[in-house]
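Read the structure below first, then the notes.
These numbers come from the heavy atoms of this one structure, side chains and all, not from hydrogens, waters or symmetry mates.
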Amino acid sequence: MIKELKHYAIQPGCKSTPDVCPFQDIDLSAYIPKAWEVRYDELKVEYGTILRDDVTGTFTPQGACSDGRYIYRALVQDNNASTKLQKIDMYSGQIILEKENTSYTHANDMTYCSKDGYIYIAHANVTSKCSRVNPATLEEVNSFDIGGDTWGISYNAHDNVFVVGVTGSTYLSVYSYDWVFIYRIKMNNNYSTLVKQGLWCNQFYIFAGLDNRYGTVAGNEYGSRIMVYTWTGDFIKSIHLDIDELEWLHVQCDTLNGNFASRGTLYVGTYEGRDENDIKSGRIITYKFDLYPSQTVPAGRTSDISGGLNRIHRCQEGTNVKLFEGNAGNGTFSLNLLPNTDVGSFRWLVFFIYGSNYKTIKMLRTGTTYVLREHNLGNSADDTDIYMRELQLELQPDEKSFKIVHNICQRIKFNEDGTHYVHKEVDSFNLYTPIYIREIWGVV
């Protein structure tokens, strides 16, 4: 947080007198539905379906992932010994293939990349090593260094990016498909004292699997959590599981006209501990979940006409409708709405915006004035330049179009003597990249 700005440098094209004020992070708590801020009802084992409940012998279940048809699971005996990889049918729980000829260290988390068809294993155990594995043979293809120690890994097929958990912090790092660092996401609630186990993501949400088996969270009960975030680190919900040690998670999403993965099936893998003879065991359990519980609005018939819905007021609460797709950074633009439908037909809007970060999402309640902000954290170092962007837009009287009032970008440069220089571009698109709106969705 910047309390005071002492020196200012005016860039060409800027106002002669800069508009200076302290900058504060946007607090989205008022915009996120209150039902999302409380912990989800516990998903007890008795509410789920046990897909596998097996003795793993001297091996401990660790990371896993799925390609939507098979589960790929790692079993580790010792960090320096060969890792056992298994290919498991998602429907029957039957082991289809098993290999044990390569060490993937701790094999803490895995993800399936649909672009190249490989499995990626994050070794973890305080290492930045990652391995590509052929899912057909379970043989290692190659290994490489991610560039930073990581505890979790997941691939976002929609945006062709990887997200990894940064060891020893509450940051997630986003990388392009060819493993070029893009930006970091800071989680806006602190889970650092929980044991970090695995990640899953799509273009809308990031799910982080954590546990408290060793009671590291004072005053908190034992058990596991699945924490759900947006791609800007905004906290959505914590799902509590009565499992001592959650090892991995996978999500199979139900789809309904572009639904934001608000419901579906959770696949979780557990380590159940060891008996008196040091024989270990683990489970694979499935649960139905819904991020919008206790729905009261009856479902209506959906339509693909103009990307909208017929009888939108009758659609199930939580249904998502694409209202805009383009590249809006200035001027006025219209929403793609059906007759007799306007912005007021939705409980809130979701903006997909591009700025310094690859992609961010802001959820805002419907109203007349909207402010979208983004902070570029760079590498999260104290002396890294910070770019702060703000786009203001107003809903027009017809409630079917928006006018962008201004779109600014500010660069704050830190000096060795502790002072700061602010370079400010107002309503300009040629110096520091401002915010662009790529998609707008309405949530019924």
Side-chain angles (χ1 to χ4, degrees), residues 28-29 32-53 61-66 71 108-109 151-152 154 163 165 170 172 185-202 204-230 233-254 259-273 281-295 317-318 363:
L28 289 178
S29 61
I32 299 175
K34 293 303 179 185
W36 289 17
E37 294 183 329
V38 297
R39 193 183 72 192
Y40 190 87
D41 291 341
E42 282 123 328
L43 294 181
K44 296 183 179 295
V45 173
E46 62 190 85
Y47 300 155
T49 300
I50 298 176
L51 184 65
R52 279 193 68 84
D53 188 358
Q62 294 294 346
C65 64
S66 175
I71 293 169
N108 200 67
D109 198 21
W151 56 266
S154 187
V163 60
T170 54
L172 302 178
I185 306 168
K186 189 179 191 303
M187 304 297 97
N188 68 356
N189 67 328
N190 188 357
Y191 59 62
S192 60
T193 52
L194 291 167
V195 180
K196 293 173 279 293
Q197 298 288 17
L199 293 172
W200 181 91
C201 72
N202 65 3
F204 304 113
Y205 297 132
I206 299 172
F207 289 63
L210 314 155
D211 72 54
N212 190 33
R213 176 167 187 165
Y214 304 103
T216 53
V217 180
N220 213 334
E221 71 272 33
Y222 288 80
S224 298
R225 318 281 191 282
I226 295 177
M227 311 287 275
V228 186
Y229 303 92
T230 69
D234 300 316
F235 175 62
I236 298 299
K237 177 168 287 186
S238 174
I239 302 172
H240 182 263
L241 302 155
D242 65 338
I243 294 169
D244 281 346
E245 192 162 350
L246 174 104
E247 293 293 342
W248 57 268
L249 74 154
H250 171 73
V251 182
Q252 290 282 86
C253 298
D254 296 341
N259 191 1
F260 286 164
S262 65
R263 60 173 179 247
T265 303
L266 286 169
Y267 286 76
V268 301
T270 75
Y271 170 48
E272 297 296 313
S281 60
R283 285 177 168 181
I284 300 176
I285 310 170
T286 67
Y287 301 90
K288 291 295 183 181
F289 79 97
D290 191 346
L291 294 182
Y292 302 85
S294 305
Q295 301 307 316
E317 188 175 355
M363 292 184 172

Taking [Y]'s backbone N and O only, do any of them form a donor-acceptor pair with [X]'s side chain (distance below 3.5 Å, no angle check)?
X      : Y      : value
Ser154 : Cys201 : yes
Asp211 : Ile243 : no
Thr286 : Leu266 : no

Report summary line: Taken in chain and number order and not counting sequence neighbours, the residues that satisfy side-chain contact (heavy atoms from CB on, under 4.5 Å) with Ser66 are Ile71, Met90, His250

Requested in this report: Under the side-chain contact (heavy atoms from CB on, under 4.5 Å) rule, collect the residues that match up with Leu246, sequence neighbours excluded.
Outcome: Ser224, Leu241, Val268

Query - Intermediate values then yes/no, side chain to side chain donor-acceptor pair (under 3.5 Å), Asp109 and Gln197 - result: CA-CA 7 Å; Asp109 198 21; Gln197 298 288 17; over 6 Å; no

Does any non-hydrogen side-chain atom of [Y] lie less than 4.5 Å from one of [X]?
X      : Y      : value
Thr49  : Ile285 : no
Phe289 : Phe207 : yes
Trp248 : Trp200 : no
Arg52  : Arg283 : no

Report summary line: What one should report as the nearest heavy-atom pair of Trp151 and Ala208 is CH2-CB, 4.4 Å

Query raised in the report: Looking at Asn108 and Gln62, what are the two nearest heavy atoms and their distance?
Result: OD1-OE1, 4.1 Å

Query raised in the report: Distance from Leu249 atom CG to Thr270 atom OG1, nearest 0.5 Å?
Result: 13.0 Å

Query raised in the report: Can you tell me how far OH of Tyr229 sits from OH of Tyr205, rounded to the nearest 0.5 angstrom?
Result: 14.5 Å

Query raised in the report: Yes or no on side-chain contact (heavy atoms from CB on, under 4.5 Å) for Leu194 and Arg225, after CA distance, side-chain angles and deciding distance?
Result: CA-CA 9 Å; Leu194 291 167; Arg225 318 281 191 282; 4.2 Å; yes

Query raised in the report: With sequence neighbours left out, what residues match Thr265 under side chain to side chain donor-acceptor pair (under 3.5 Å)?
Result: Lys288

Requested in this report: Kindly write out the residues that satisfy side chain to side chain donor-acceptor pair (under 3.5 Å) with Glu247, not counting sequence neighbours, or none if the list is empty.
Outcome: none

Report task. Could you check Ile206 against Leu199 for side-chain contact (heavy atoms from CB on, under 4.5 Å), going step by step and ending with a plain yes or no? Result -> CA-CA 7 Å; Ile206 299 172; Leu199 293 172; 4.3 Å; yes

